[in-house]
Number of protein chains: 2
Amino acid sequence: MTAHPTPRPSRRERPAKPALTRDGIVETAVALMRAEGLQRVTMRRLAQELDTGPASLYVYVRNTAELHAAVLDDLLGAVDLSPAKASGDWRDRLVRVLDSYTDVLFEHPGLARSALVARPSGERYLNLLEALLSLLSEGGVPDARAAWAVDLLLQFATATAAEHAAGEKDPTDAEGEWAELAAALRGVSEHRHPHIAALGTELLSGPGEARLNWGFHVLINGVLHTPRPEAPGPDTPETS
Amino acid sequence: MTAHPTPRPSRRERPAKPALTRDGIVETAVALMRAEGLQRVTMRRLAQELDTGPASLYVYVRNTAELHAAVLDDLLGAVDLSPAKASGDWRDRLVRVLDSYTDVLFEHPGLARSALVARPSGERYLNLLEALLSLLSEGGVPDARAAWAVDLLLQFATATAAEHAAGEKDPTDAEGEWAELAAALRGVSEHRHPHIAALGTELLSGPGEARLNWGFHVLINGVLHTPRPEAPGPDTPETS
DNA sequence: ACCTGAACACCGTTCAAGT
DNA sequence: ACCTGAACACCGTTCAAGT
């Protein structure tokens with residue numbers, strides 16, 4: 001979370017020039033992203049920021065995907081987990097935590113995109129998992145089911161944020177795509193695609209926030225109503 | 001779908017060398033992807049395949065994202081929509097269509113990744129939407145709700161496929177990430193992360209297929225149990 | 001009017017060679 | 001033993017200049 005104590009207040013010069021350690025690299029990457037956007041957080045640009053060659057980074061980071069995952073884990077420090085320990089309806093509190101997670105990702109949709117492929121596995125991510133699991137447990141969701149449910153909830157939030165990665169730099173492209181889909185939906189033939197024609201723009205309607213919220217509730221309700229297929233537990237009577 | 005009748009059995013030479021049209025470009029892109037994988041479907045490589053310079057492609061395709069969306073739409077021709085018109089339980093048939101969609105994407109997870117950001121908007125995609133909407137309608141899901149539900153279902157399937165985009169080329173990276181998360185989960189402190197510790201590897205457990213199927217049913221059950229917040233219809237009394 | 005060669009401004013990753 | 005300069009093998013996109 002950029003909250004690591006600065007390694008040491010080195011001589012003078014610029015705001016620190018962190019030592020070449022994994023933490024220093026990630027910290028610099030986060031700063032670079034805040035300053036110039038994720039698309040500038042490349043091995044080469046980052047190395048330049050650290051006054052070295054790109055090859056040096058590979059001593060501490062396996063590849064770009066891992067770097068992005070580490071950056072995301074750092075950002076996850078900003079997720080508000082306090083509702084997990086508060087009182088009140090557990091569903092509301094669950095949604096509040098998920099909203100906070102989504103807010104963080106919405107500020108960096110490109111990172112959300114990476115997260116779908118290379119999940120973080122750091123401290124902050126574990127804290128988030130723990131908070132979600134405790135809320136589901138409070139809601140009476142059986143443990144094994146909660147293990148899968150957490151995945152579903154985070155995947156939905158992450159994917160929704162990732163969808164906004166289009167036109168992070170150039171919004172023109174994103175509008176182009178959207179307009180094209182809107183046009184395709186409007187221009188649909190009433191007898192070959194009756195349902196689409198009947199719905200019209202309804203398919204694209206609604207503020208993102210309302211859809212997101214509805215999605216969370218769909219998932220929560222669905223989880224409550226859908227047992228896991230066959231817990232392969234040692235003492236579960238097989239009902240085939 | 002590569003099912004366009006070959007443009008014309010041109011002279012001799014290679015399998016066609018399609019004319020420089022949008023369709024020809026997409027067709028060549030699909031062939032290139034099947035032959036060498038999505039990561040080779042770049043503007044430059046594709047131009048080379050078409051015996052021209054990359055600049056020429058920009059006359060027909062706005063950018064790489066749009067190209068990928070067009071390729072995906074083409075692939076969507078392979079989705080089996082027949083269950084939509086069959087008889088039997090509508091849920092089963094809905095899941096069958098979604099499974100077919102997922103199968104197509106699983107063969108090209110990188111494309112699924114693109115699809116989250118740049119959705120296709122072509123003929124095949126519309127056919128898929130229509131099939132899903134008709135099944136939801138059959139199941140008694142109100143129209144406005146179905147419009148949102150379709151999005152949720154496709155997003156879940158797409159995101160699940162996209163998650164497999166790691167290590168499409170080099171599976172080593174993907175295993176590295178997975179192993180790291182597994183290690184993080186195992187090494188968790190029992191008193192700081194009690195729920196994670198209790199679940200252990202349960203969090204990563206289960207064959208992907210079972211989780212996918214469970215996810216579909218969670219969504220379907222959730223949709224059935226979750227009305228849309230406030231249809232902003234013209235005659236809906238505002239409740240602020 | 002339409003098309004495109006060539007250029008601009010970058011990438012990730014590896015490895016041989018230095019300290 | 002550890003680190004990294006330099007190279008390899010690429011990218012997307014634009015635009016001035018040609019036909």
Side-chain angles (χ1 to χ4, degrees), chain A residues 17-26 28-29 32-33 35-71 110-111 113-114 117-118 165-177, chain B residues 17-26 28-29 32-33 35-71 110-111 113-114 117-118 165-177:
Chain A
K17 194 182 279 184
L20 212 59
T21 61
R22 197 181 201 268
D23 283 356
I25 289 169
V26 173
T28 308
L32 183 57
M33 182 181 63
E36 309 188 10
L38 183 68
Q39 72 281 335
R40 295 283 178 230
V41 184
T42 65
M43 292 303 216
R44 293 179 101 105
R45 182 69 182 75
L46 186 55
Q48 178 187 318
E49 204 71 10
L50 292 160
D51 286 317
T52 182
S56 307
L57 302 181
Y58 285 84
V59 177
Y60 306 96
V61 165
R62 208 190 331 264
N63 51 39
T64 307
E66 200 199 272
L67 174 66
H68 284 179
V71 167
L111 220 43
R113 241 195 136 194
S114 304
V117 170
E168 237 190 313
K169 194 72 206 200
D170 183 1
T172 311
D173 292 345
E175 281 171 41
E177 291 282 340
Chain B
K17 195 183 278 185
L20 210 58
T21 61
R22 196 181 202 269
D23 282 356
I25 289 169
V26 172
T28 308
L32 183 57
M33 181 179 64
E36 308 187 11
L38 183 68
Q39 72 282 331
R40 295 283 178 233
V41 184
T42 65
M43 291 303 214
R44 294 178 101 104
R45 182 71 181 73
L46 186 54
Q48 177 187 318
E49 204 72 9
L50 290 161
D51 286 318
T52 182
S56 308
L57 303 180
Y58 284 84
V59 177
Y60 307 97
V61 166
R62 209 192 328 267
N63 50 41
T64 307
E66 201 199 272
L67 173 67
H68 285 180
V71 167
L111 220 44
R113 241 195 137 195
S114 304
V117 170
E168 238 190 311
K169 194 74 208 199
D170 182 1
T172 311
D173 292 346
E175 280 171 40
E177 291 281 341

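Chain identifiers are assigned alphabetically (A, B, ...) following the order of the sequence lines, protein sequences preceding nucleic acid strands; residue numbering begins at 1 within each chain.
When the C1' atom is used for both C:dA6 and C:dC10, the distance is 16 Å, rounded to whole Å. Spacing of C1' atoms, C:dA1 relative to D:dA16, comes out at 16 Å, to the nearest Å. When the P atom is compared between C:dA9 and D:dA9, the two are found 24 Å apart, to the nearest whole Å.
Mapping A:Pro54 and A:Tyr60 onto DNA chain D by nearest heavy atom places A:Tyr60 closer to the 5' end of the strand.
One finds a side-chain N or O of B:Ser56 lying less than 4.0 angstrom from the OP1 or OP2 phosphate oxygen of C:dT4.
The interatomic distance linking A:Leu57 (CG) with C:dG12 (C1') rounds to 11 Å, in whole Å. B:His68 places its NE2 atom 11 Å from the C1' atom of D:dG12, with the value rounded to the nearest Å. Between the CZ atom of B:Arg44 and the P atom of C:dC8 there is a distance of 13 Å, rounded to whole Å. Separating the CG atom of A:Leu67 from the P atom of C:dT13 is a distance of 10 Å, rounded to the nearest angstrom. Taking atom CE on B:Met43 and atom P on C:dC8, their separation rounds to 21 Å, with Å as the unit. Here C:dG12 presents its P atom at 11 Å from CG of A:Leu38, a figure rounded to the nearest Å. One interatomic measurement links the two molecules: CG of B:Leu46 to P of D:dC10, which rounds to 16 Å at whole-angstrom precision. Note: CD (B:Glu66) to C1' (D:dT13) measures 14 Å, nearest angstrom.
Distances were taken from every side-chain heavy atom of A:Thr42 (C-beta onward) to each of D:dT4, C:dT4, C:dC11; the shortest belongs to C:dC11. Closest to the side chain of A:Arg45, from the set D:dC11, D:dG12, C:dC11, is C:dC11. Picking from C:dT13, C:dT4, D:dT4 the nucleotide with the shortest atom distance to the side chain of A:Thr64 gives C:dT13. When distances run from any side-chain atom of A:Ala55 to the nucleotides D:dG5, D:dT13, C:dT13, the shortest one goes to D:dG5. Looking at the side chain of A:Arg40, the nearest of the listed nucleotides C:dC10, C:dT13, D:dT4 is C:dC10. In this structure, the nucleotide among D:dT4, D:dT13, C:dG12 sitting nearest to the side chain of B:Tyr58 is D:dT13.
A 3.5 Å limit on both hydrogen-bonding distances identifies D:dA6 as the Watson-Crick or G-U partner of C:dT14. In a base pair of the Watson-Crick type (N1 to N3 plus N6-O4 or O6-N4) or a G-U wobble (N1-O2 and O6-N3), with each distance short of 3.5 Å, D:dA1 is matched with C:dT19.
Here the CG atom belonging to A:Leu46 is positioned 11.0 Å from the OG atom belonging to A:Ser56, to the nearest 0.5 angstrom.
Two residues are said to be in side-chain contact when any heavy atoms from C-beta on lie closer than 4.5 Å; B:Leu67 and B:Ile25 meet this criterion. Counting only heavy atoms from C-beta outward, the side chains of B:Leu50 and B:Leu57 approach each other to under 4.5 Å. With a 4.5 Å cut-off on side-chain heavy atoms, A:Met33 and A:Leu111 count as touching.
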Practice item. Under the side chain to side chain contact (heavy atoms under 4.5 Å, CB included) rule, what do A:Thr64 and A:Thr42 come out as? Steps first, then yes or no, please. Key: CA-CA 7 Å; A:Thr64 307; A:Thr42 65; over 6 Å; no
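A salt bridge is defined here as a Lys NZ or Arg NE, NH1 or NH2 lying under 4.0 Å from an Asp or Glu carboxylate O, and B:Arg40 with B:Glu49 fails to meet this definition.
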